Each structure stands twice: as structure tokens, then as C-alpha cells.
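A short worksheet on the structure shown next.
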Amino acid sequence: MRQIKIFDTTLRDGEQAPGASLDVEQKIKLAHRLAALGVDTIEPGFPISSPGDFQAVQRISREIEHVEICGFARAVKEDIDAAVRATQDAQRRRLHMFLSSSNIHLDFQLKKTRAEVVELARRMVSYAKSFVNEVEFSPMDATRTGDEFLFEVLEAVIEEGATILNIPDTVGFALPEEYGAMFTRVMKGVRGSDKVEFSAHCHNDLGMAVANSLAAIQAGVTHVEVTVNGIGERAGNCSLEELAMALATRSEHFGITTNIRHEEIYATSQMVSRMTRSPIAFNKPIIGRNAFQHEAGIHQDGLLKNRNTYEIMDPERLGIPRSMIVLGKHSGRHALRHRVAEFGVTLDNEQLDQLYTTFKEKADIQKTVHDHELMQMAGQAVDRALEPYTLNDVQIVTGNAMHRVASCEIQDHRTGKVEIYTGSGEGPVEAVVDAIRRAIPEPIEFADLELYSVSSGETSAGEANVTVRLDQKLYTGTATNRDILIAAAEAYMAACNRAVRDVRLDSSLEQTPVHTLG
Ligand code: KIV
Ligand code: ZN
């Protein structure tokens, strides 16, 4: 197995995605996360671009051990000076310099001749080399440059001491066979190429960033530049998690390993998505919420028998906590029985038939049937409430001046009591959470809320996913409603019910070793 190095540029090229900018503290937190993920190099920013980026690169250089830190610079003395100073205290460091090489960039952006570009590249690489051993050079827009000039620039920077040649597909134009073949030609044809290492850097404008990076790996590059969730300029960069999992899942084909710890992928992806405010598409490979979910009855049936029937990776080994089965109109009896059993409820055939009929009616109207709805229907089938609490009614007073106030009518099925609880907060969700929390003795903490618009045509609806924490464990609840605040309230109630059921079941098991379900 050959090992390739993962160069993470989430905090530099990824941050160049519109609206994704990060402050110093966020970059430091993410850098620690990336180190835990096992990347080999972190490019934390562009030191000359702002005092904040300088500080971030400097602090990350001081704090993060055992990971190479890379300072980014144009072929300009002041940029190089800033990158050198910012990375001064890193245990291991690299300077990454870029300079355009395509005619279109030379004519319209740099307004320099080819001879001037070669001379500048030589002078600046030699200057950088007087401070730093590891100098990476990127001819920007390399894939639209043409071999003749590309070779000339690369030979010049090798002569001046560049150690890593990164050949970027800056505009995401290349096809996999072209990108791989370009590396093969460069490695054969460029004088001095045996003295340097090669790196790939791909953008995703045609959706080929991962395929192009894999082609470059097959051609012999030893470094690949990636971002978490594939964030970056325009359509983004090569996605770290997709590349890592393609190499791992098809290792018999590639024969390549990386230092990535797969079990850290999901947590890292979530943190990047939150901090950069870049939501993840539901169908995004590996980390999208549908990536390991199944709605079709035939698939669900297969999965329950053997996961490998419809899954090529194990989500749990990527740190993904999701349930694999989504209940909708395509789901069958087997999936329903299995799901209610996960809640500790066993149904006989007659009860299952009754549940199946009401479930199908509901699933025909709404796309997905959420767990708390299923449990209400299962409760009707077994003729008793299965959830610890039912949220009967929610009233919210909101506005733009005063505190928001909520009142919730909640039934406690342990005591049978129905009571009204009121709560307040700076926002309406906070008010609802405050009200519902008062009904439950367990110290449940609110951890997270995700809201999505799931509108179609003239009907608007919102979906809320709420996560709560109890005794260090996380529980989620999901609900959909025409009123997004009611969706949030129902999702919160559902998450609390899960948490309460779990801890109460645990403590009752401690008292009575034999527990009868159903
Ligand atoms: O896409 C690109 O060319 C880059 C650098 C390597 C300059 O991000
Ligand atoms: Zn780039």
C-alpha cells in the first residue's frame, strides 16, 4: 500500500466560499478538529490578507503539534514575509506560493509576459527558500496553460529549490483522464521532476474534483489538497471525506492509504458546516443526511436482513449516528415492526396490521412519518400511550419588542395529569423549550436545532430537527408542520420523550432484571 498525504485547505480555499468566512477562534477550533481527523498538512489561511488571518495562522502554528502548517502567499515579497512570520513557531512548516501560468490570466490579470512570469517565479521561490525548506509552488490555472509553458515554469522553480509542485485545476475544467495524463507527462518530461513531490488541487465546477484527484493519485502524486464537505470557491474543492472513503472503500483497486481517522469524519463535517454556515446537501455522499437512509420497502427489507445488501460503507465507522430507515409510503410491515421494536414495543400481528393501515394513510399524505407520529399510531394499536408525554397544544406570543411567551398543554402519561406550562425567552423557540422543560423532571439540555423549508407548490412547511442531551447522551427528534414553530416544539417534545424513555427504562431495568415489553 502506498500512502498519500492529505493537505487540508478548508481554512484557506474552503473559506473562500461565499459567506463562509471564519474568525480566529473558529479557525483554531477547526484546526484542532482537523488534527484529530488525521490530516497531514493544514493551510490555515492567507497571512497577508488580514490581521485576523495572520493571527489565526500564527496561533495554529503555535498550538497544533505533529501536523505540518502551511502559509499561503502570492509571488510577492510582502506575502512571503507575512507567511514566513506567521508560521515561524510551527513544529513543521511549508510555504505555498502561487502564480498564474495560463495566457488568459497573464493577459487579463497579471498583465505580464511569459518571460516576466518565469523570472518572477524564480526570484520569489529563491526568496522563499532563504527562509523555509519546504516550498510548494502552484502555477495557477495550470490545466489551461499548455505543456510548453507549464514545463518551463515548473523547471524554473525546481531549479530555485521548490520541493512540492502543486498543479491546480483552478477552474474545474479538466477531465479525469486529462488530469492524470498531465501528471504523467510532467513527471516524465519536466527536468528535475525526480527531485520533487507532486500534489493535486482540484475544483468541482464540473463535479469532477474527486475523480480528478483520484486520477492524479493513480498517476503518482503524493499529496492531495482537499476541503471538508468540499467547500470552496464556486462549486467547491475536492471533498476530503469523499476522497478518503473512495480510497478506503475501493482499496483493492487503488492500493492507497491515508492517515485519516474515518470515525472523526462526521463530527468534523458537522463542525465545518455549522461554523461556515454552509448547509450540507441531503444527498451529499458520505455526510449528507440521506447518504445512509433508505425509504424503499425492498431496500429496507434487505437492510434489515443484511446491511451490505444496499450499503457499501458502515456509517457507524464514520461516526454517523443516524437511523438507516426513513419511514414513508414505500416502507413495509417489516420496517414498521423493526422501528417500534427499537422503542421497546412488540406488536402482535393484529396490532401490526392496524398500525400498517393507519401508517399508510398518513404516509400517503405526508412524505415522511416521524418516530413520534409512529409511536402515537402504535399507541392506538396497543390501546395505551407509548410516549412519556404528549404535547396537546402550543400557544406562542411573539413580536419584535417584548420577550416571547409560550404556553404548552402537556399530558404526563405516568400520572395521567394534563397541565399547562408557560415559558419565556428572547426568541419563540427558547420560550417553547422553556415551557416544555418545566413539565419534565429530568435535567434535559437543549443542544441543537436545525430548520429546513420543505415547501412544495403553494403549501409551505418546515421541518425541525432538535437534539437534546441527557446524561452525556444525545437524542434527536424530528417534526414537520405548516408552522415552523410548532414543528420545533413537536421535535423538541419528541427528543425529550426519547431521552426520558431511555433513562427511565434504564433505571427500571436496574430495579427489575426481567423486563416485559409490549
Ligand atoms: O485553485 C487554485 O489554483 C488555488 C491555489 C493553489 C492558488 O487555490
Ligand atoms: Zn483552489
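Counting begins at 1 with the first residue of the sequence. Ligands are counted one by one from 1 in listed order, and the atoms in each one are counted from 1 as well. This one's a predicted model, so the numbers in the text were calculated from it and none came from an experiment.
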Review point. For His203 and Asp13, what are the C-alpha separation, side-chain angles and deciding distance, and is it a side chain to side chain donor-acceptor pair (under 3.5 Å)?
Key: CA-CA 10 Å; His203 281 267; Asp13 218 358; 3.2 Å; yes
Study note, to complete from the structure: Vertex the Zn ion (ligand 2), ends His203/NE2 and His201/NE2: angle to nearest 10° comes to 100°
Review point. Does the side chain of Ser138 come under 3.5 Å of the side chain of His201 through a donor N or O and an acceptor N or O?
Key: no
Exercise for review: Check whether NZ of the Lys or CZ of the Arg Arg12 lies under 6.0 Å from the centre of the six-membered ring of Phe72 and within 45 degrees of that ring's axis.
Suggested key: yes
Point to revise | By ring-ring contact (aromatic ring centres under 6.0 Å, His included) - contacts of Tyr452 (at least two apart) | key: Phe282
Check your understanding: Got a sec, which residues hit side chain to side chain donor-acceptor pair (under 3.5 Å) with Asp483, two or more places apart in sequence or on another chain?
Key -> none
Review point. So, Asp13 and the Zn ion (ligand 2): N/O/S under 2.8 Å, yes or no?
Key: yes
Point to revise | Other residues, nucleotides, ligands: >12 heavy atoms within 6.0 Å of Arg274 CZ | key: yes
Note every protein N or O atom lying under 3.5 Å from an N or O atom of ligand 1, pairing the names and giving the distance.
from	atom 1	to	atom 2	distance (Å)
ligand 1	1 (O)	His201	NE2	3.2
ligand 1	1 (O)	His203	NE2	3.0
ligand 1	3 (O)	Thr170	OG1	2.6
ligand 1	8 (O)	Arg12	NH1	3.4
ligand 1	8 (O)	Arg12	NH2	3.1
ligand 1	8 (O)	Asp13	OD2	2.9
ligand 1	8 (O)	His201	NE2	3.1

Exercise for review: Kindly write out the residues that satisfy side chain to side chain donor-acceptor pair (under 3.5 Å) with Thr222, not counting sequence neighbours, or none if the list is empty.
Suggested key: Glu197
